[in-house]
Amino acid sequence: MFDILMYLFENFIHSETEIRVDQDELTDELIRAGFHHDEIYKALSWLEKLAALQETDINPYLVKGTANYSMRIYTHDEEMRLDVECRGFLMFLEQINVLDPSTREMVIDRVMEIESKEFCLEDMKWVVLMVLFNVPGKENAYAQMEDLLFEEPEGPLH
């Protein structure tokens, strides 16, 4: 499923081609690219849920106050999916204002839906990029995340 998401992101996001909205045509193209129908369905469902998250207002559930004193507590399942490195990177992205609490929660939600036993920090960075791409008004955060993803690191980022 994650391979399909990466395929779609890499082939349609930076191309001049109009993103296809016809699910049947898109499914046919993905089958021609060698992906299995079940995994295609899961990936398209993942993308639909990402789009639906934009319409969900989590702000009433967020604690009001200074962000410097807030802390995200992870559930057991989230800790199993997001190792210490991933959680630390999410905190780093919040500290440099790439993510805010709403987009952080969107990233965590989307990560938890990915069926992959070998999910790692590099995969999570792509999920962050996909989320930021799909949230209106986050163009600067997207560009900053894109720089973090494609530039060679000079040392530890977090």
Side-chain angles (χ1 to χ4, degrees), residues 1-14 19 30 33 35-36 38-158:
M1 178 180 88
F2 191 70
D3 291 338
I4 295 170
L5 293 171
M6 292 299 299
Y7 176 87
L8 291 171
F9 192 70
E10 291 175 351
N11 286 298
F12 293 106
I13 298 307
H14 295 294
I19 297 175
L30 291 169
F35 296 110
H36 296 286
D38 291 343
E39 296 301 310
I40 294 169
Y41 172 77
K42 290 175 187 175
L44 294 178
S45 176
W46 189 94
L47 289 169
E48 287 173 7
K49 290 176 183 175
L50 173 59
L53 282 175
Q54 293 178 42
E55 300 186 17
T56 304
D57 184 16
I58 69 163
N59 289 323
Y61 305 103
L62 298 175
V63 174
K64 306 294 185 234
T66 309
N68 294 338
Y69 302 136
S70 65
M71 182 174 158
R72 172 57 156 85
I73 306 296
Y74 292 87
T75 66
H76 176 72
D77 290 341
E78 290 170 344
E79 286 181 347
M80 294 292 99
R81 169 65 65 179
L82 295 164
D83 63 15
V84 171
E85 193 175 31
C86 289
R87 294 189 312 264
F89 192 71
L90 285 175
M91 184 184 304
F92 167 73
L93 293 177
E94 280 190 84
Q95 290 171 347
I96 64 169
N97 296 318
V98 169
L99 294 178
D100 58 30
S102 296
T103 53
R104 176 199 63 218
E105 293 304 312
M106 292 173 81
V107 168
I108 293 169
D109 181 81
R110 294 298 74 218
V111 165
M112 295 304 294
E113 290 289 320
I114 291 177
E115 296 176 3
S116 171
K117 293 179 182 175
E118 311 230 350
F119 191 80
C120 65
L121 178 61
E122 289 304 310
D123 296 339
M124 191 193 68
K125 290 177 182 178
W126 283 103
V127 172
V128 171
L129 204 60
M130 288 180 218
V131 167
L132 291 174
F133 180 82
N134 283 286
V135 177
K138 296 295 182 185
E139 293 80 11
N140 290 336
Y142 175 85
Q144 193 174 357
M145 183 62 203
E146 198 172 37
D147 289 343
L148 288 172
L149 186 63
F150 295 118
E151 288 182 359
E152 290 295 320
E154 295 177 11
L157 292 176
H158 60 282

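Between I96 and L148, some side-chain heavy-atom pair lies under the 4.5 Å cut-off. The side-chain heavy atoms of D123 and V127, taken from C-beta on, include no pair separated by under 4.5 Å. The shortest distance between side-chain heavy atoms of F2 and K42 does not fall below 4.5 Å. Between L129 and L149 the shortest side-chain heavy-atom distance falls below 4.5 Å. Two residues are said to be in side-chain contact when any heavy atoms from C-beta on lie closer than 4.5 Å; F119 and D83 fail this criterion. Between R81 and V111, some side-chain heavy-atom pair lies under the 4.5 Å cut-off.
In this structure, CE on M1 lies 7.5 Å from CH2 on W46, to the nearest 0.5 angstrom. Distance check: M145 CE to N140 CG gives 15.0 Å after rounding to the nearest 0.5 Å. K49 NZ to R110 CZ: the interatomic distance, rounded to the nearest 0.5 Å, is 6.0 Å. The CG atom of N134 sits 9.5 Å away from atom OH of Y142, with the distance rounded to the nearest 0.5 Å. Between the CE atom of M130 and the CG atom of L8 there is a distance of 8.5 Å, given to the nearest 0.5 Å. Atom CD1 of residue I40 and atom OG of residue S45 lie 13.5 Å apart, to the nearest 0.5 angstrom.
Contact detail for C86 and C120: the closest heavy-atom pair is SG-C, 4.0 Å. Of all heavy-atom pairs between R72 and E78, the closest is NH1-OE1, 2.9 Å. Smallest separation of non-hydrogen atoms from M124 and L90: SD-CG, 3.8 Å. In this structure, L5 and A43 approach most closely via the heavy-atom pair CD2-O, 3.7 Å. Taking both residues in full, the closest heavy atoms of M6 and W126 are given as CE-CD2, 3.2 Å, listed atom of the first, atom of the second, then distance. The heavy-atom pair separating K138 from L132 by the smallest distance is CB-O, 3.8 Å.
In this structure, Y74 has no ring-ring contact (aromatic ring centres under 6.0 Å, His included) partners at least two apart in sequence or on a different chain.
The main-chain N or O of E105 is never found under 3.5 Å from a side-chain atom of D109 such that the two would form a donor-acceptor pair. Panel note: side chain R87, backbone L82; a donor-acceptor pair is recorded below 3.5 Å.
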